Amino acid sequence: MNWYGFIIACGIVLCVVLAYFTAKHRGIEGDTVVDIIIFCLPLAIVFARIYYVVFDLINGGHWTFTRFIGADDKGLQGLAIYGGLIGAVIGAFLLSLWKKRKKNPENKRITFMQLLDLGFVFIILGQAIGRWGNFANEEAHGYMITDPSLMYFPMGVEINGIWYYATFFYESMWDLVGFGLLFFLYIGKHKSFDGFVFSCYCIYYGIGRVWIEGMRADSLWLVPPTVSGNGEVPDVGGLRVSQLVSILLIVFGVAYIVAHIIRARRAGKKVFIFARQDKLNDGYFEYDKTKLAHPMPDIKFWKDRHSQKDSGEEIIIDNNGVAIKVTPDEPENTGASETTAAEKPDASEKEQEKREKPKKSAEEAYEDRWDD
């Protein structure tokens, strides 16, 4: 069995399921997650391969077309995470353009940054799982361990009788903690402007990758080291591609958050970071652009559905499986409020009014009920 592919596939399935329910909880259409997979996953795989091959060629690697498409005995061994992230971002941008179609109601649209916020909460979880695929392939490890006191897991990993630093494990744990932090920022009661969660991903993951990459023995190099350690001792000099990209990510994340703070102060509004959801209003900068200000009707979890049923509310679902209207049941008549037959409108008159009244489409009904 190809354990690398199996582990990656399991990670994708888990992330898709969690993202689906999380999106609904945030008032985003559940099928948006399916759209993300359709647009982003193929591009992520292609760019992960291209990224790895390009920089491996710079380092003197030899590639054929058969090897590039994974048709040899090594399969798709050789996928770079940063290449995959670039492909995913491009896919998200294309999806955001597709979601801006004019026939899509305003509240059903989703912006580029909103897609990145949702996607990267679970991408970092996928990275945590995917690193165990590197363990199965006996790759992405660090330099050789020469100190016998450090020859144990999880400090190191034994490959063919030789111990190496378990950098794959370090990054997996770093990413797992990062998932917890980003999930809290995204789903918690304190909300922030669109793009904040993605910016935090860039800063957090970039910091971890900078120091972990410095311990790896199989890095892709932009500038080859002046003294090669050959996997036994640290390399000297040179410039690792992933460290450079990580630094750029950190700079971008910090700059994006700082830019929001500066723009908020210039606009005379409150900075929209860690604000309680129940306290949000137009006084927070760019709040009006968020899904929080223009939400889809909440798709409640099963406990909330029971409470809605008890309160006499009926949820009407459109063709996309999204709630478009909540209608209270008709109140029961009591003796004190009974009307006489003379006061009741004639049934034929009611039928006539119903025929004359133009029917509204599901889209129009949605806009009437939920338009802010």
Side-chain angles (χ1 to χ4, degrees), residues 1-26 28 30-52 69-89 91-92 95 115-141 153-154 157-159 164 166-184 186-187 197-198 201 204-205 208-209 212 216 218 242 301:
M1 176 185 287
N2 186 337
W3 284 104
Y4 181 82
F6 176 75
I7 292 171
I8 296 295
C10 288
I12 292 173
V13 171
L14 177 62
C15 291
V16 169
V17 172
L18 293 177
Y20 180 84
F21 289 104
T22 301
K24 283 194 168 186
H25 188 68
R26 277 295 302 265
I28 298 173
D31 60 1
T32 296
V33 176
V34 179
D35 294 335
I36 290 174
I37 295 300
I38 295 173
F39 276 79
C40 299
L41 185 58
L43 288 174
I45 295 174
V46 170
F47 275 82
R49 191 63 161 176
I50 292 174
Y51 183 102
Y52 182 87
I69 63 175
D72 62 356
D73 58 345
K74 294 184 178 180
L76 285 176
Q77 183 176 352
L79 298 173
I81 285 179
Y82 274 138
L85 298 184
I86 292 171
V89 170
L95 176 57
L115 285 169
L116 294 185
D117 281 344
L118 171 62
F120 275 83
V121 169
F122 297 96
I123 280 177
I124 197 170
L125 175 61
Q127 290 175 270
I129 298 171
R131 278 306 180 192
W132 288 93
N134 297 134
F135 170 72
N137 273 359
E138 298 183 345
E139 60 188 8
H141 56 74
F153 186 82
V157 59
E158 186 178 9
I159 301 175
Y164 300 91
T167 49
F168 79 91
F169 177 79
Y170 307 159
E171 185 171 333
S172 179
M173 293 300 102
W174 180 266
D175 293 345
L176 191 60
V177 173
F179 166 70
L181 294 173
L182 294 182
F183 188 78
F184 170 76
Y186 188 74
I187 210 71
V197 172
F198 174 64
Y201 167 89
Y204 180 88
Y205 182 72
R209 189 64 185 270
I212 293 173
R216 284 182 56 170
D218 58 349
S242 292
F301 290 115

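Everything numeric in this text was worked out from a predicted model, so none of it was measured.
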Could you tell me the separation between the [atom1] atom of [X] and the [atom2] atom of [Y], rounded to the nearest 0.5 Å?
X	Y	atom1	atom2	value
Asp31	Tyr20	CG	OH	7.5 Å
Met173	Ile212	CE	CD1	10.5 Å
Ile36	Leu41	CD1	CG	11.5 Å
Cys40	Leu85	SG	CG	11.0 Å

Do [X] and [Y] have side-chain heavy atoms sitting under 4.5 Å apart?
X	Y	result
Val121	Ile187	no
Ile38	Val34	yes
Arg131	Ile81	yes
Tyr52	Leu79	no
Phe183	Phe122	yes
His141	Ile159	yes

Taking every non-hydrogen atom, the tightest pair across [X] and [Y]:
X	Y	answer
Pro42	Ile37	CD-O, 3.4 Å
Leu176	Ala128	N-CB, 3.8 Å
Ala166	Pro154	CB-O, 3.5 Å
Tyr51	Ala80	CD2-CB, 3.2 Å
Val197	Leu182	O-CD2, 3.8 Å
Ala136	Trp3	CB-CB, 3.7 Å

* Side-chain donor/acceptor of Trp174 to backbone N/O of Tyr204, under 3.5 Å ->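 Side chain of Trp174 to backbone of Tyr204, a donor-acceptor pair under 3.5 Å: yes, one is there.
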* **Donor-acceptor contact present, side-chain Asn134 to main-chain Glu139, <3.5 Å** =>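 Not a single qualifying donor-acceptor pair exists.
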* Angle class for the Tyr205/Tyr201 ring planes (parallel below 30°, perpendicular above 60°, tilted otherwise)? ->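 Taking Tyr201 first and then Tyr205, their aromatic rings lie parallel (interplane angle under 30°).
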* Asked: What orientation do Phe169 and Trp132 show, parallel under 30°, tilted 30 to 60°, or perpendicular over 60°?
  ->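 Judged by the thresholds at 30° and 60°, the geometry between Phe169 and Trp132 is perpendicular.
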* Structure fact -> side chain to side chain contact (heavy atoms under 4.5 Å, CB included) with Ile129: of Leu14, Ile12, Ile8, only one passes, and it is Leu14
* Kindly indicate, with the supporting measurements, whether the criterion side chain to side chain contact (heavy atoms under 4.5 Å, CB included) is fulfilled by Asp175 and Leu125. => CA-CA 6 Å; Asp175 293 345; Leu125 175 61; over 6 Å; no
* Just wondering, are more than 12 heavy atoms of other shown residues or ligands nearer than 6.0 Å to CZ in Phe135? ->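 It does not: Phe135 CZ has 12 such atoms or fewer within range.
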* Asked: Under 3.5 Å, is there a donor-acceptor pair linking the side chains of Thr167 and Arg216?
  -> no
* Show your working on side chain to side chain contact (heavy atoms under 4.5 Å, CB included) between Leu115 and Asp35 and close with a plain yes or no. => CA-CA 10 Å; Leu115 285 169; Asp35 294 335; over 6 Å; no
* To do: In sequence, state the C-alpha distance, the side-chain angles, and the governing distance for Ile123 and Phe120, and then conclude on side chain to side chain contact (heavy atoms under 4.5 Å, CB included).
  => CA-CA 5 Å; Ile123 280 177; Phe120 275 83; 4.0 Å; yes
* Asked: So Val157 and Phe168, side chain to side chain contact (heavy atoms under 4.5 Å, CB included) or not? Walk me through it.
  -> CA-CA 9 Å; Val157 59; Phe168 79 91; 4.2 Å; yes
